[in-house]
**Q** 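What follows is a single structure, and I will ask about it in a moment.
Naming: A, B, ... by sequence-line order, numbering from 1 per chain. These numbers come from the heavy atoms of this one structure, side chains and all, not from hydrogens, waters or symmetry mates.
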Amino acid sequence: TQLLEQSPQFLSIQEGENLTVYCNSSSVFSSLQWYRQEPGEGPVLLVTVVTGGEVKKLKRLTFQFGDARKDSSLHITAAQPGDTGLYLCAGGGSETSGSRLTFGEGTQLTVNP
Amino acid sequence: SAVISQKPSRDICQRGTSLTIQCQVDSQVTMMFWYRQQPGQSLTLIATANQGSEATYESGFVIDKFPISRPNLTFSTLTVSNMSPEDSSIYLCSASTSGGLVARYFGPGTRLTVL
């Protein structure tokens, strides 16, 4: 069973700080997605990365896909309380998973005002 | 894009009963999925709902316990049968508008508590 490991599992920071969340696997994925989920809602897709080494920016969020397509990171600059939520990475298109998404364990981020 | 609604949003059920969760998408989608999630934790895929044929179940999930229907390209149901407290969880419907890898949308979830 392939596994996507996220770290840290919990993160509590002050408004204005920067942070990085990591997503690592021993498997190669053809694509990797990042989601944010708030309480009582379903995950919302933030970004999809498909090319090794790819970097995508979404306002204060920067996403990177590793060169070998086994890992990814999410960096948030100047975090705000509205960034609070559960961040999930999900890999797809590996040899074993096919079209199914494999989700990481999640990172619960709390940004305190 | 696709907007997904689920009914009910939450329910409290007695052990041994069954609950059917409905998932409605506002547009035709290629693939629909059902997930289970404990609050604050990762998602576990239960099955892929196939339009016009039997669902494809993941390891550890069986049709007798989680029967799924998908009568058309916008609607699916998941039934949790003969419930026990271990079935208490959030059940999420998901849909993809492409071949499954690019865009994935989720419903708000159904929070199930089994007493």
Side-chain angles (χ1 to χ4, degrees), chain A residues 1-12 21 23 25 28-51 54 56 65 69 84-110, chain B residues 1-10 21 23-26 29-50 55-61 78 89-113:
Chain A
T1 302
Q2 60 192 22
L3 189 66
L4 271 172
E5 296 183 350
Q6 275 187 247
S7 62
Q9 188 175 359
F10 297 96
L11 191 55
S12 180
V21 178
C23 178
S25 175
V28 175
F29 292 98
S30 62
S31 70
L32 198 136
Q33 299 180 326
W34 284 93
Y35 292 82
R36 179 170 67 213
Q37 184 179 22
E38 299 184 24
E41 300 181 10
V44 174
L45 180 64
L46 297 174
V47 76
T48 300
V49 285
V50 297
T51 305
E54 181 177 3
K56 281 192 175 180
F65 201 11
R69 290 185 287 132
T84 293
L86 178 68
Y87 288 81
L88 294 155
C89 66
S94 73
E95 286 187 0
T96 53
S97 71
S99 62
R100 299 192 302 279
L101 283 181
T102 299
F103 279 86
E105 301 120 319
T107 296
Q108 183 64 55
L109 171 65
T110 301
Chain B
S1 66
V3 177
I4 302 176
S5 59
Q6 286 184 232
K7 286 194 292 188
S9 59
R10 57 176 62 226
I21 303 169
C23 175
Q24 180 72 56
V25 190
D26 70 344
V29 291
T30 307
M31 304 181 77
M32 295 183 74
F33 308 86
W34 286 97
Y35 288 86
R36 187 165 71 182
Q37 181 185 34
Q38 295 299 326
Q41 296 185 23
S42 187
L43 280 69
T44 300
L45 180 63
I46 297 172
T48 302
N50 301 308
T56 304
Y57 289 84
E58 297 300 304
S59 176
F61 298 96
L78 167 73
S89 189
I90 299 168
Y91 291 85
L92 292 155
C93 174
S94 174
S96 174
T97 56
S98 64
L101 290 178
V102 179
R104 193 66 66 91
Y105 304 94
F106 285 85
T110 296
R111 182 181 288 262
L112 171 63
T113 302

**Q** Would you say Tyr35(B) and Gln37(B) are linked by a side-chain donor-acceptor pair, where the criterion is simply a distance under 3.5 Å?
**A**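 The answer is no; no qualifying pair exists.
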**Q** Excluding sequence neighbours, so at least two apart, what forms side chain to side chain donor-acceptor pair (under 3.5 Å) with Gln6(B)?
**A**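 Here the qualifying residues are Thr110(B).
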**Q** Using only heavy-atom distances, determine whether the side chains of Thr48(A) and Gln33(A) contain a donor-acceptor pair under 3.5 Å.
**A**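 A donor-acceptor contact under 3.5 Å links the two side chains.
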**Q** Val47(A): what forms a side chain to side chain contact (heavy atoms under 4.5 Å, CB included) with it, not counting sequence neighbours?
**A**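 Applying side chain to side chain contact (heavy atoms under 4.5 Å, CB included) to Val47(A) gives Trp34(A), Lys56(A), Phe63(A).
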**Q** Sort Leu43(B) into side chain, backbone, both or neither according to what part of it lies under 4.5 angstrom from a heavy atom of chain A.
**A**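 Both the backbone and the side chain of Leu43(B) come within 4.5 Å of chain A.
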**Q** Checking heavy atoms, do the side chain of Gln9(A), its backbone, both or neither come under 4.5 Å from chain B?
**A**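 Neither part.
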**Q** Only pairs of heavy atoms separated by less than 4.5 Å count here; which of Val44(A), Val50(A), Leu86(A) has the most with chain B?
**A**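 Between Val44(A), Val50(A), Leu86(A), the count favours Leu86(A).
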